[in-house]
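In what follows, a structure is listed as structure tokens, so that the remarks can point back to it.
These numbers were taken from a predicted model, which means no experiment stands behind them.
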Amino acid sequence: MDKKIRNLKFLILYIAAWVSRPIPVEGMQELTLCDSGIDYFSFSECLSDLVHTEHLTLSDDGLYAITPKGLRNSEICESNLPYSVRQRCDRNLADCNRRLRRKSQVKASSVRRPNGTWTVSLSLSDDMGSVMELDLMMVQEEMARSVEKRFRQSPERLYSQIVN
């Protein structure tokens with residue numbers, strides 16, 4: 001196996017081992033292409049091969065996660081990655097994990113009601129569980145989408161306003 005391909009597989013496994021939740025191909029690609037020496041086609045080939053060899057799984061909803069086999073190999077091969085690449089990955093992983101945690105803690109969705117109005121469901125949680133769950137009725141889809149967007153940007157603000 002080509003050394004470049006082998007190192008790319010090590011890098012993908014390293015990322016998959018340290019990302020806090022399963023991620024879509026775009027997230028995996030963003031984290032992997034932190035090194036300018038990596039091209040998209042090599043990345044795609046390696047990612048597919050790691051799924052085929054059962055180092056990673058690909059869920060029905062398109063999320064990649066590491067398997068126990070992949071985790072073992074990642075731990076063994078981690079030291080083969082250049083230190084500068086690991087440092088860059090660690091910074092990017094910290095940012096990604098913050099975004100993933102935030103996304104799992106802040107939920108907003110809309111559903112059309114039979115009468116033509118919309119129900120906007122908003123929820124905020126932390127590491128201990130649910131902090132707030134709120135359903136609102138909106139008369140137009142645009143209003144519902146706007147409320148969702150504003151809530152995702154600043155859920156603590158709404159929570160604070162309700163408490164006050």
Heavy-atom distance under 4.5 Å between the side chains of S121 and V111, does that happen here?
no

In the structure I gave you, are the side-chain heavy atoms of L124 and F151 within less than 4.5 Å of one another anywhere?
yes

Check whether any side-chain heavy atom of W118 sits under 4.5 Å from a side-chain heavy atom of M143, and report yes or no.
no

Grouping I, L, V, M, F, W and Y whenever their side-chain heavy atoms are under 4.5 Å apart, do Y14 and L100 come out in a common cluster?
yes

Given side chains that start at C-beta, do those of C89 and L11 come closer than 4.5 Å, heavy atoms only?
yes

Which heavy atom of K69 sits nearest a heavy atom of T53, and at what distance?
NZ-O, 2.8 Å

Does V25 reach the side chain of F43, with side-chain heavy atoms less than 4.5 Å apart?
yes

Separation between CH2 (W18) and CG (N92), nearest 0.5 Å, reads 15.5 Å

Can you list the residues that meet the salt bridge (Lys or Arg N to Asp or Glu O under 4.0 Å) rule with R102, with sequence neighbours excluded?
E156

What's the separation between atom CD1 in I12 and atom CG in N7, rounded to the nearest 0.5 Å?
11.5 Å

Would you mind checking if R145 and E148 are paired as a salt bridge, meaning a charged N to carboxylate O distance below 4.0 Å?
yes

Nearest heavy-atom pair of I162 and M132: which atoms, and what distance?
CD1-SD, 3.8 Å

Kindly indicate, with the supporting measurements, whether the criterion side-chain contact (heavy atoms from CB on, under 4.5 Å) is fulfilled by N164 and S160.
CA-CA 6 Å; N164 287 334; S160 173; 3.5 Å; yes

Where the side chain of T117 meets the backbone of M137, is there a donor-acceptor pair that is under 3.5 Å apart?
no

pair L134-L158: side-chain heavy atoms closer than 4.5 Å
yes

For residues T32 and I38, report the shortest heavy-atom separation together with the two atoms involved.
O-CD1, 3.3 Å

Say whether L63 and L93 are linked into one hydrophobic cluster, either directly or through other cluster members, by side-chain heavy-atom distances under 4.5 angstrom.
no

Contact summary for M28 and L47, nearest pair of heavy atoms:
CG-CD1, 4.0 Å

Start with the C-alpha gap between R21 and K103, add the side-chain angles, then the distance that decides, and say whether side-chain contact (heavy atoms from CB on, under 4.5 Å) holds.
CA-CA 11 Å; R21 289 175 173 74; K103 186 176 179 182; over 6 Å; no

Do L122 and V139 belong to the same hydrophobic cluster, where Ile, Leu, Val, Met, Phe, Trp and Tyr are linked whenever their side-chain heavy atoms lie under 4.5 Å apart, directly or via other members?
yes

Looking only at non-hydrogen atoms, find the nearest pair between S125 and S104 and report the distance.
OG-O, 4.0 Å

With a 4.5 Å cut-off on side-chain heavy atoms, are M138 and S110 touching?
no

Beyond-backbone contact of L136 with T119, side-chain heavy atoms, under 4.5 angstrom:
no

Please lay out, stage by stage, how D135 and V120 fare under the test side-chain contact (heavy atoms from CB on, under 4.5 Å).
CA-CA 6 Å; D135 285 342; V120 179; over 6 Å; no

Between S154 and R150, is any side-chain donor less than 3.5 angstrom from a side-chain acceptor?
no

Rounded at 0.5 Å granularity, tell me how far CG in L8 sits from OG in S42.
6.5 Å

Starting at OG of S74, measure out to CG of L50 and round the result to the nearest 0.5 Å.
10.5 Å

Supply the atom-to-atom distance Q29 CD to I23 CD1, rounded to the nearest 0.5 angstrom.
10.5 Å

More than 12 heavy atoms of other residues, nucleotides or ligands under 6.0 Å from CZ of R152: yes or no?
yes

Hey, what do you get for CZ (R72) to CD1 (I66), rounding to the nearest 0.5 Å?
10.0 Å

According to a hydrophobic-cluster definition based on side-chain heavy atoms being under 4.5 Å apart (Ile, Leu, Val, Met, Phe, Trp, Tyr only), do Y83 and F10 belong together?
no

Residues P24 and Y64: closest non-hydrogen pair is C-CD1, 4.3 Å

Trace of the side-chain contact (heavy atoms from CB on, under 4.5 Å) decision for L13 with C77
CA-CA 9 Å; L13 287 177; C77 302; over 6 Å; no

